[in-house]
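Since the structure is predicted, the reported quantities are computational estimates derived from the model, not experimental observations. Chain identifiers are assigned alphabetically (A, B, ...) following the order of the sequence lines, protein sequences preceding nucleic acid strands; residue numbering begins at 1 within each chain.
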2 protein chains.
Amino acid sequence: MKKVLPRRARAKQKRLSPEDRRREFVAKATEFFSEEGFDGGTRDLARRLGVTQPLLYRYFPSKDDLIKEVYRTVYLEPFDAGWEKLLTDRSQPLRERLQEFYQAYTDVIFTRKWLRIYFYAGLKGLDINRWYIGVVEDKILSRVVRECRHEAGLPEQGEPTAAEIEMAWVLQSGIFYYGVRKYIFESPVLEDKRQVIGDALDVFLTGFARVFATATGPRRAPAKAVG
Amino acid sequence: MKKVLPRRARAKQKRLSPEDRRREFVAKATEFFSEEGFDGGTRDLARRLGVTQPLLYRYFPSKDDLIKEVYRTVYLEPFDAGWEKLLTDRSQPLRERLQEFYQAYTDVIFTRKWLRIYFYAGLKGLDINRWYIGVVEDKILSRVVRECRHEAGLPEQGEPTAAEIEMAWVLQSGIFYYGVRKYIFESPVLEDKRQVIGDALDVFLTGFARVFATATGPRRAPAKAVG
DNA sequence: ATAGTTGATGATCAGGCGATAAACAATCAT
DNA sequence: ATGATTGTTTATCGCCTGATCATCAACTAT
């Protein structure tokens, strides 16, 4: 009689708890999808996990559900509450606060994984990107504007105008796209991130003060709120 | 005997020359792929063209060849030689030259179609994006830097340093990402593009002059060329 | 040891994909 | 009108995709 052998001499690995195993799947799926896009096949994904494809469906009811969990981990995990305090702590010079903040922020999002997932999701037209952009405006840019007003000796009352937020976006995007060029397009860049951020901040801060200081009266069209 | 009817009462449209028909296919394929991504199916594409799927293979040997032609039209068509002259015509004030240039440039690339194709291609890791980034540096940014040096009364000899190019990238990206937010993420933005560009230029020009004027000596690390 | 529960697999399904070949329709030259 | 040529469709191939189900293995509690 033929003895039934174990089908595969699996490396003896401790059996993880279901939640941990699930998390492991999500983590590796994130890497996988960030490379292949969300059209990557479940078979390739399973091979990467070292398991067979049907097993995925024991842990996730469908591919879409798995993808949703990938979004969640990528977008929600990294947002650090400490950043807000960092931005508004006026015991430190603004220039240094911003340098520290953008240093920390880009340490988190300047990875091939994060940036690629971000654009794959964006091209799919998911709300999650619009939501994220709203969070950036609320938690980062509006605070930057307020601190810049303070620094420039401008009146601080009133919400940031749409034009001011746009200017903060120019700074934000300028720094952000440095990461895009480096990690998505893999184009050669000036490697010293600290310097790039520092120079961007220097230009922005001196420029912002001078430009918006003379902008109490309407320079061009008054900055209308956008619906 | 059953008379053979024309299979479909096709709207009487003049038969186009093969080249024109081909161009028509490429144009509509560009729209299609910009929405669906390059994983969009040839059947869906054909339906959009109002023809059957195998017909595509009469005009293009494979789907990949069709896609390559899409790239060509998107990337190569729009680059306008006039832009270079616009940037370097010192009979005009720099501020106005840059305003005009970015106005014209963004008139071309700020479309859902262009931007989406750009990122789909970028995520695929195609050389064409790196090539495009190189073109931007050569044709736009290095000229911007030179003109800024001139404007700020700095010595003009020597190639732009890597740090200077990076600063021009911050401006470029800041404006570029305004279009990304609007046309890819479809996020609400300040609608007055002219003002956004204008403000970005004001901040950049005043900032650049002040920051790099004091930068003749090494401020932080000297800007080394990147390999 | 044995029964019960959870983890993982092999085989398979229906549907979609890119691509091909042969048949038919429309146009053009003579 | 006739034949040649080009444009278009129908039918189909092999392959890959997400998903399902029955089966077997591994671990746990008794």
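Between the B:W114 side chain and the B:V74 main chain, a donor and an acceptor come within less than 3.5 Å of each other. A distance-only check finds no donor-acceptor pair linking the side chain of B:K139 to the backbone of B:W83 [under 3.5 Å]. Of the possible donor and acceptor atoms, one in the side chain of A:R143 sits under 3.5 Å from a partner among the backbone N and O of A:D138.
Taking atom CD of residue B:E19 and atom C1' of nucleotide D:dG7, one finds them 14 Å apart after rounding to whole Å. Atom CG in A:L55 sits roughly 15 Å away from atom P in D:dA26 (whole-Å rounding). Atom CZ of B:R47 is separated from atom P of D:dT9 by 13 Å (rounded to the nearest Å). Atom pair A:L45:CG and C:dA8:C1' shows a separation of 15 Å (rounding to whole Å applied). To the nearest angstrom, P of D:dT8 lies 11 Å from CG of B:L49. When rounded to the nearest whole Å, the span between OH of A:Y57 and P of D:dA19 equals 3 Å. Counting to the nearest Å, the P atom of C:dG18 and the CD atom of B:E36 are 12 Å from each other. The nearest whole Å value for the distance from the CZ atom in B:R21 to the P atom in C:dT27 is 12 Å.
For A:V144, the side-chain contact (heavy atoms from CB on, under 4.5 Å) partners at least two apart in sequence or on another chain are A:L87, A:L98, A:I140, A:C148, A:F204.
Applying a 4.0 Å cut-off to non-hydrogen atoms, the residues of residues 60-71 of chain A that approach DNA chain D are A:S62, A:K63, listed by residue number.
Not one side-chain nitrogen or oxygen of B:T52 sits closer than 4.0 Å to the OP1 or OP2 atom of D:dT8. In this structure, B:Y59 reaches the D:dT8 phosphate: one of its side-chain N or O atoms is under 4.0 Å from OP1 or OP2.
Among residues at least two apart or in separate chains, salt bridge (charged side-chain N to carboxylate O under 4.0 Å, His left out) pairs with a member in residues 110-127 of chain B are B:E35-B:R112, B:R112-B:E186, B:D127-B:R130.
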Note to self: Between B:Y120 and B:F33, is the ring-ring contact (aromatic ring centres under 6.0 Å, His included) condition met? List the steps.
What the structure shows: CA-CA 9 Å; B:Y120 274 123; B:F33 286 128; 9.3 Å; no
Next item on the list: Output, in order, the C-alpha distance, side-chain angles, deciding distance and verdict of ring-ring contact (aromatic ring centres under 6.0 Å, His included) for B:Y118 and B:F176.
Entry: CA-CA 12 Å; B:Y118 182 73; B:F176 180 75; 5.8 Å; yes
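In terms of position along DNA chain D, the nucleotide closest to A:Q53 lies nearer the 5' end than the nucleotide closest to the other residue of the pair A:R58 and A:Q53. Toward the 5′ end of DNA chain D lies the nearest nucleotide of B:L56, the other residue of the pair B:R43 and B:L56 mapping further downstream.
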